[in-house]
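Read through the structure below, which is laid out as C-alpha cells, and then see the notes.
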Amino acid sequence: MNDINISRVDLNLLKVFEALYEEGGASRAAIRLDQTQSAVSAALRRLRTLYRDPLFTRTGRGLMPTARADELNPVIGEALGRFRQTITMISRDAHDYRGRSVSIGLSDDFEIALAKRLVDAVEKSAPGLRLIFRQTHSQIVADALLDREIDLAIASGGFSSRGLSRQALGEGAYSCLVDPLTVPASDYVLSLDDYIGRQHILVSSGGVIGIVDEALADVGKKRHVAASTTHFAALPYLLKGSNAVATIPTHAALAIAALTGLLVMSCPVFLPRYPIELGWRTVALRDSAVTAVQGAIVACFEP
C-alpha cells in the first residue's frame, strides 16, 4: 500500500528532477534553476527518499540516471508540461516562453541545413524558448516521440504509430560534394567513369552498403568506399585536398558547401527521391510552445 501523501510532497522537487535529468549534473542544474548547488543536492536527497531509489549515480562525466529515473522521466515531463500549458492559458503574455524548451529529433544533415534558420525563426516567434536538437532517424523516431524523449521530429517517415501525427514537408534528393580543385574548370559535370574512379566517403549510421551501391549494382558498376563516418560534419575534413566524393542529401550538400567552399555537383547515378516529414505526438499540439516550433519548421520548408 502506498503510504505517501501527496499533500506533504514539495512539487518543486519535480523541477529539480527534470533539470538533473536533462543537464546531467548538480552544478548545471543549479545554474538552470537559479539555485545554489547545495540546494539542488538537498533536493536530490529528498527525491531519493521520495522515490526510494538513488535516481542518479555519479560517474566521471556527471550524474547518470538509474533505470527508475528513466522510467520516471517521461511521466514527470508530461506532468510538468501539462502544468505549463495551464499557465500559458491564463498568462497575460502567452508568448513568454522563458524557461521553456522544445526538443526536436533530426539527423545531423537536417541540423546542418536547418538549425540556424530555425533558431532565428523561433527567436522571433517565441522569444525565450530554447531549442534542443537530438539525433534520430526514421527507424527509431516513433519510439523517441512516444517515450517523450523528443517533442517534434523531422525524418523520412516512421510516423505511422498510433498516437502520432505527421505532415509532409517536401521531398529530398541527393547531390555530390567534392573539392573543386579536383574538377577541371572547363567541366563542372561528373561523368559516371569519373565518379566511379574517385574514392568515396560514405555517411551512414550503420552498415557498409549505401543507396549508391544499390544504384550502381543495377547498372553493373561498383565503387570504392575509402572511409565511412556517422556524421556529416566530418566531410569537409575528409574531402578537402583529396579526389574523394561524398553523395549526400542535397540540403546538407548545399549548406556544407556554403561554409567550406566545397563544390556541389549532380550525381551521375539515378537515385530516387525520398519524403521529408514532420512528426509529433498528437496531444503535443495542445502546448503552444510546440505549436510555435512546428510552425517555424514548416516555414523553413516553404519555397
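Start at 1 with the first residue, then count along the sequence.
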| request: Verify whether one side chain among Asp109 and Ser107 offers a donor that lies under 3.5 Å from an acceptor in the other. | output: yes
| query | How many angstroms lie between CZ in Arg8 and CG in Leu50, if you round to the nearest 0.5 Å? | reply | 11.5 Å
| field | Donor-acceptor pair, side chain of Thr66 and main chain of Pro54, under 3.5 angstrom | value | no
| said: Counting C-beta onward and ignoring hydrogens, is there a side-chain heavy-atom pair between Ile211 and Tyr174 closer than 4.5 Å? | reply: yes
| Does atom CD of Gln139 have more than 12 heavy-atom neighbours from other groups under 6.0 Å away? | no
| Would you find a donor on one side and an acceptor on the other, under 3.5 Å apart, between the side chain of Asp108 and the backbone of Phe232? | yes
| query | Thr282 side chain to Gly163 main-chain N or O, any donor-acceptor pair under 3.5 Å? | reply | yes
| task | First locate atom CG of Leu47, then atom CG of Leu20, and finally report the distance between them rounded to the nearest 0.5 Å. | result | 7.5 Å
| query | Do the side chain of Asp151 and the main chain of Ser103 share a donor and acceptor less than 3.5 angstrom apart? | reply | yes
| task | Considering non-hydrogen atoms only, spot the tightest contact between Thr229 and Ala234 and give its length. | result | OG1-CB, 4.0 Å
| Candidates Asn243, Asp194, Val183 - the one meeting side-chain contact (heavy atoms from CB on, under 4.5 Å) with Val178 | Val183
| message | Surrounding CZ of Arg148 (heavy atoms of other residues, nucleotides or ligands, distance under 6.0 Å), is the total greater than 12? | response | yes
| Counting only N and O atoms by type, is there a donor-acceptor contact under 3.5 Å from the side chain of Ser165 to the main-chain atoms of Trp280? | no
| task | Indicate yes or no: does Glu149 engage Arg134 in a salt bridge with an N to O separation below 4.0 Å. | result | no
| query | Does Asp120 come within less than 4.0 Å of Lys124, counting only side-chain N to carboxylate O? | reply | no
| message | Between Arg28 and Glu23 (side chain of the first, backbone of the second, donor and acceptor by atom type, cut-off under 3.5 Å), is there such a pair? | response | yes
| Quick one: do Glu71 and Arg68 make a salt bridge, cutoff under 4.0 Å? | yes
| Heavy-atom donor-acceptor pair, Lys240 side chain to Gly261 backbone, under 3.5 Å | no
| request: Determine the minimum heavy-atom distance between Ala292 and Ala126, stating which atoms define it. | output: CB-CB, 4.1 Å
| query | Do the side chains of Thr247 and Tyr195 get nearer than 4.5 Å, heavy atoms only? | reply | yes
| Interatomic distance, Leu145 atom CG to Leu152 atom CG [nearest 0.5 angstrom] | 7.5 Å
| message | Would you compute the distance between atom CG of Leu11 and atom CG of Leu13 and round it to the nearest 0.5 angstrom? | response | 8.0 Å
| task | State whether the number of non-hydrogen atoms from other residues, nucleotides or ligands found under 6.0 Å of Asp218 atom CG is greater than 12. | result | yes
| request: Taking all heavy atoms of Glu111 and all of Leu106, pick out the closest pair and write down the distance. | output: N-CD1, 3.6 Å
| task | Using the six-membered ring wherever Trp is involved, compare the ring planes of His251 and Phe110 and label them parallel, tilted or perpendicular (cut-offs 30° and 60°). | result | parallel
| Does one hydrophobic cluster hold both Leu14 and Val75, with members joined at side-chain heavy-atom distances below 4.5 Å? | no
| Would you find a donor on one side and an acceptor on the other, under 3.5 Å apart, between the side chain of Arg281 and the backbone of Asp147? | no
| Shortest non-hydrogen contact from Gly157 toward Ser138 | O-CB, 3.3 Å
| message | Please give me the minimum heavy-atom distance between Val269 and Ala215, naming the atom from each residue. | response | CG1-CB, 3.4 Å
| Taking the inter-plane angle between the rings of Phe56 and Tyr21 on a 0 to 90° scale, is it parallel (under 30°), tilted (30 to 60°) or perpendicular (over 60°)? | perpendicular
| query | Is a side-chain N or O of Asp213 found less than 3.5 angstrom from the main chain of Gly210, in a donor-acceptor match? | reply | yes
| remark: Taking every heavy atom of Ala26 against every heavy atom of Ser41, the minimum-distance pair comes out as CB-OG, 4.4 Å
| query | Would a 4.5 Å heavy-atom cut-off, applied to side chains only, mark Arg58 and Leu63 as touching? | reply | yes
| message | Among residues at least two apart in sequence or on other chains, which ones pass side chain to side chain donor-acceptor pair (under 3.5 Å) with Gln37? | response | none
